[in-house]
Trainee: 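Before anything else, here's the structure in question.
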Amino acid sequence: MRKKIAKLLFALILTITLSITFSVNAATSKTVNNQSELKEALNDSSISTIILGSDIETTEKINIMRPVTIDGANHTIKYVGTFGSSNSNSNTVWGGIYVLQVYKTEATIKDIKLTGGNAALLINGSTVTLEGKIDVSGNGFGGIELGKGSNVDTAPYLILGDNSEIINTTESSDRPTIWVPADTDGAMIEIDGIRFDLEKGEELTLQEINDLANSVENPETNDPIILHITFLILTVILSSYAIKKFTSKED
């Protein structure tokens, strides 16, 4: 009888544990298919990962104001609203429209295209990690801004993950892939654990970003003179040794 009761209790505990586990897992990620669902998921702090189930069109800037992962699953968020006080349909008219803004928090963004806005992404006093392919093509003023808006003291920090690749097919001299506005200091970009400080007003092209990545993968010494001196000292020591050996043989 005791064994039966013990087995029933064990089965009950196991069932409760599994149901709690499944409910927690269900609550930590959510798939969204439109603007409304995306905003609702961002407002639900129990959701840690938001997955795009399809391409999404938005008529407003999407604000990320809490720690979260946005998994684009190779889909697109496209801004289709208007710009500026003239309600222009051209994203070359400035209206402060970023497809995504990460504001005073941390976020991971992966495998997504952000297009149609004045810019694709504003990292506003936040730390953002990019993973997979991040396409910032088709925005009126450029790709990713590292800035500090009003009431923001924290410097923007962009981390490029090991497998990250930024794509920008519409880059030009006046539409950089990454830039720091003239009023922002302390902006940083991290590649493979190496941090690079960016200046106020600095702009980076895709080539310059790749050059930074290559400098991490194939670092060059900053002290070539020390290497030359070390080589010279070794040469002198070996020469002295050879002379001594030759002299001892002569004796």
Side-chain angles (χ1 to χ4, degrees), residues 55-64 70 72 74-103 107 109-149 152 155-161 164-191 196-215:
D55 293 345
I56 289 176
E57 292 186 343
T58 177
T59 56
E60 59 187 271
K61 173 175 60 181
I62 300 297
N63 293 309
I64 299 172
I70 305 293
N74 299 311
H75 290 296
T76 298
I77 300 178
K78 182 178 182 180
Y79 178 77
V80 294
T82 58
F83 301 87
S85 58
S86 63
N87 292 322
S88 172
N89 291 317
S90 172
N91 62 10
T92 59
V93 174
W94 182 252
I97 300 296
Y98 305 84
V99 183
L100 291 182
Q101 174 186 209
V102 185
Y103 181 72
I109 300 173
K110 58 191 295 187
D111 292 320
I112 198 169
K113 181 174 182 178
L114 305 171
T115 191
N118 290 139
L121 172 64
L122 171 58
I123 301 174
N124 192 350
S126 299
T127 296
V128 173
T129 300
L130 301 183
E131 297 181 355
K133 292 185 177 181
I134 307 297
D135 193 334
V136 296
S137 308
N139 297 285
F141 288 80
I144 302 170
E145 179 181 324
L146 278 67
K148 289 194 292 188
V152 177
Y157 200 144
L158 173 61
I159 301 172
L160 301 184
S164 63
E165 177 188 359
I166 299 177
I167 300 167
N168 188 3
T169 59
T170 54
E171 178 184 88
S172 64
S173 59
D174 58 351
R175 289 192 289 181
T177 294
I178 294 176
W179 79 95
V180 181
D183 62 353
T184 294
D185 57 0
M188 293 166 284
I189 181 171
E190 180 181 311
I191 303 174
F196 299 91
D197 296 324
L198 303 180
E199 302 291 333
K200 291 181 178 180
E202 186 167 356
E203 298 179 353
L204 294 177
T205 64
L206 277 177
Q207 183 59 54
E208 288 168 331
I209 296 166
N210 291 333
D211 288 344
L212 286 178
N214 289 334
S215 72

Trainee: Measuring from T58:OG1 to Y79:OH, what's the distance to the nearest 0.5 Å?
Mentor: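 Atom-to-atom, T58:OG1 and Y79:OH are 7.5 Å apart.
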
Trainee: Apply the test side-chain contact (heavy atoms from CB on, under 4.5 Å) to residues V136 and I134: give CA-CA distance (whole Å), side-chain angles for both, the deciding distance (0.1 Å), then the verdict.
Mentor: CA-CA 6 Å; V136 296; I134 307 297; 4.2 Å; yes

Trainee: Over all heavy atoms of both residues, which pair between H75 and D55 is shortest? Give the atoms and the distance, please.
Mentor: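 Heavy-atom minimum between the residues: ND1-OD1, 3.3 Å.
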
Trainee: Let's go through D135 and L114 carefully: what are the C-alpha distance in whole Å and the side-chain angles of both, what is the deciding distance for side-chain contact (heavy atoms from CB on, under 4.5 Å) to 0.1 Å, and is it a yes or a no?
Mentor: CA-CA 6 Å; D135 193 334; L114 305 171; over 6 Å; no

Trainee: Using ring pair (Phe, Tyr, Trp, His ring centres under 6.0 Å) as the criterion, list what pairs up with F141, not counting sequence neighbours.
Mentor: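 F141 satisfies ring pair (Phe, Tyr, Trp, His ring centres under 6.0 Å) with W94 only.
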
Trainee: Distance from E190 atom CD to L160 atom CG, nearest 0.5 Å?
Mentor: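 That separation rounds to 9.0 Å.
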
Trainee: How about S90 and T92: does a side-chain donor come under 3.5 Å of a side-chain acceptor?
Mentor: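 Their side chains do contain a donor-acceptor pair, which is all the 3.5 Å distance test asks for.
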
Trainee: Under the side chain to side chain donor-acceptor pair (under 3.5 Å) test, which residues partner N74, sequence neighbours left out?
Mentor: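 Result, side chain to side chain donor-acceptor pair (under 3.5 Å) vs N74: none returned.
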
Trainee: More than 12 heavy atoms of other residues, nucleotides or ligands under 6.0 Å from NZ of K78: yes or no?
Mentor: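 Atom NZ in K78 is not crowded, with 12 or fewer foreign heavy atoms closer than 6.0 Å.
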
Trainee: Would T170 and R175 count as a side-chain contact (heavy atoms from CB on, under 4.5 Å) if you check the C-alpha gap in whole Å, the side-chain angles of each, and the deciding distance to 0.1 Å?
Mentor: CA-CA 8 Å; T170 54; R175 289 192 289 181; 4.2 Å; yes

Trainee: Just how far is it from atom CG of N139 to atom OG1 of T115, taken to the nearest 0.5 Å?
Mentor: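 One gets 5.0 Å once the value is rounded to the nearest 0.5 Å.
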
Trainee: Where do K148 and D185 land on the salt bridge (charged side-chain N to carboxylate O under 4.0 Å, His left out) test, with the steps shown first?
Mentor: CA-CA 8 Å; K148 289 194 292 188; D185 57 0; 2.9 Å; yes

Trainee: Kindly indicate whether the side chain of T76, heavy atoms from C-beta on, has any atom under 4.5 Å from the side chain of I56.
Mentor: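 Not touching, per the 4.5 Å side-chain cut-off.
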
Trainee: With heavy-atom distances below 4.5 Å as the criterion, would you say the side chains of I64 and I70 are in contact?
Mentor: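 Heavy-atom side-chain distance check passes, below 4.5 Å.
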
Trainee: What pair of heavy atoms forms the shortest contact from G186 to A155, and how long is it?
Mentor: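 It is O-CB, 3.2 Å.
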
Trainee: Which atoms form the tightest heavy-atom contact between E203 and S173, and what is the distance?
Mentor: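 Taking E203 first and S173 second, the nearest heavy atoms are OE1-O, 3.9 Å.
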
Trainee: Side chains of I191 and F196: does their closest heavy-atom pair fall under 4.5 Å?
Mentor: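 In contact.
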
Trainee: With sequence neighbours left out, what residues match E208 under side-chain contact (heavy atoms from CB on, under 4.5 Å)?
Mentor: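 With sequence neighbours excluded, E208 shows a side-chain contact (heavy atoms from CB on, under 4.5 Å) to L204, T205, given in chain and number order.
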
Trainee: So how far is it from D174 CG to W179 CH2, rounded to the nearest 0.5 Å?
Mentor: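 Rounded to the nearest 0.5 Å, the CG-CH2 separation comes to 11.0 Å.
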
Trainee: Which heavy atom in E145 sits nearest to a heavy atom in Y98, and how many Å separate them?
Mentor: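 In this case the closest contact between E145 and Y98 is OE1-OH, 2.7 Å.
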
Trainee: Sequence neighbours left out, what passes side chain to side chain donor-acceptor pair (under 3.5 Å) with S86? Give chain and number order.
Mentor: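 Side chain to side chain donor-acceptor pair (under 3.5 Å) check on S86 returns nothing, list empty.
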
Trainee: Which residues pass the side-chain contact (heavy atoms from CB on, under 4.5 Å) test with T169, not counting sequence neighbours?
Mentor: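 Once residues adjacent in sequence are excluded, the partners of T169 under the side-chain contact (heavy atoms from CB on, under 4.5 Å) criterion are S137, I167.
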
Trainee: Does a donor on one side chain sit under 3.5 Å from an acceptor on the other, for S85 and N87?
Mentor: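 On atom types as modelled, these side chains do not qualify, holding no pair under 3.5 Å.
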
Trainee: Between atom CD of E202 and atom CG of L146, what is the distance when rounded to the nearest 0.5 Å?
Mentor: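 E202 atom CD to L146 atom CG measures 10.5 Å (nearest 0.5 Å).
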
Trainee: Which pairs would a plain distance check flag for residues 121-130, meaning a side-chain donor or acceptor within less than 3.5 Å of a matching protein atom at least two apart in sequence or in another chain?
Mentor:
residue	atom	partner	partner atom	Å
N124	OD1	G149	N	2.8
N124	ND2	Q101	OE1	2.9
S126	OG	V102	O	2.9
S126	OG	K104	N	2.8
S126	OG	T105	N	3.0
S126	OG	T105	O	3.3
S126	OG	N124	O	3.1

Trainee: With rounding to the nearest 0.5 angstrom, report the CG to CD1 distance, L100 to I112.
Mentor: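 So the gap between those two atoms works out to 6.0 Å.
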
Trainee: Would the distance check show the side chain of D111 and the main-chain N or O of G72 forming a donor-acceptor pair, the cut-off being under 3.5 Å?
Mentor: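 Pair absent, no side-chain N/O of D111 close to backbone of G72.
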
Trainee: Side-chain contact, heavy-atom cut-off 4.5 Å: T82 with S88?
Mentor: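 The answer is no, as the side chains (C-beta and beyond) never meet within the 4.5 Å cut-off.
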
Trainee: Do E131 and S164 have side-chain atoms, one donor and one acceptor, less than 3.5 Å apart?
Mentor: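 Result is no, nothing qualifies.
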
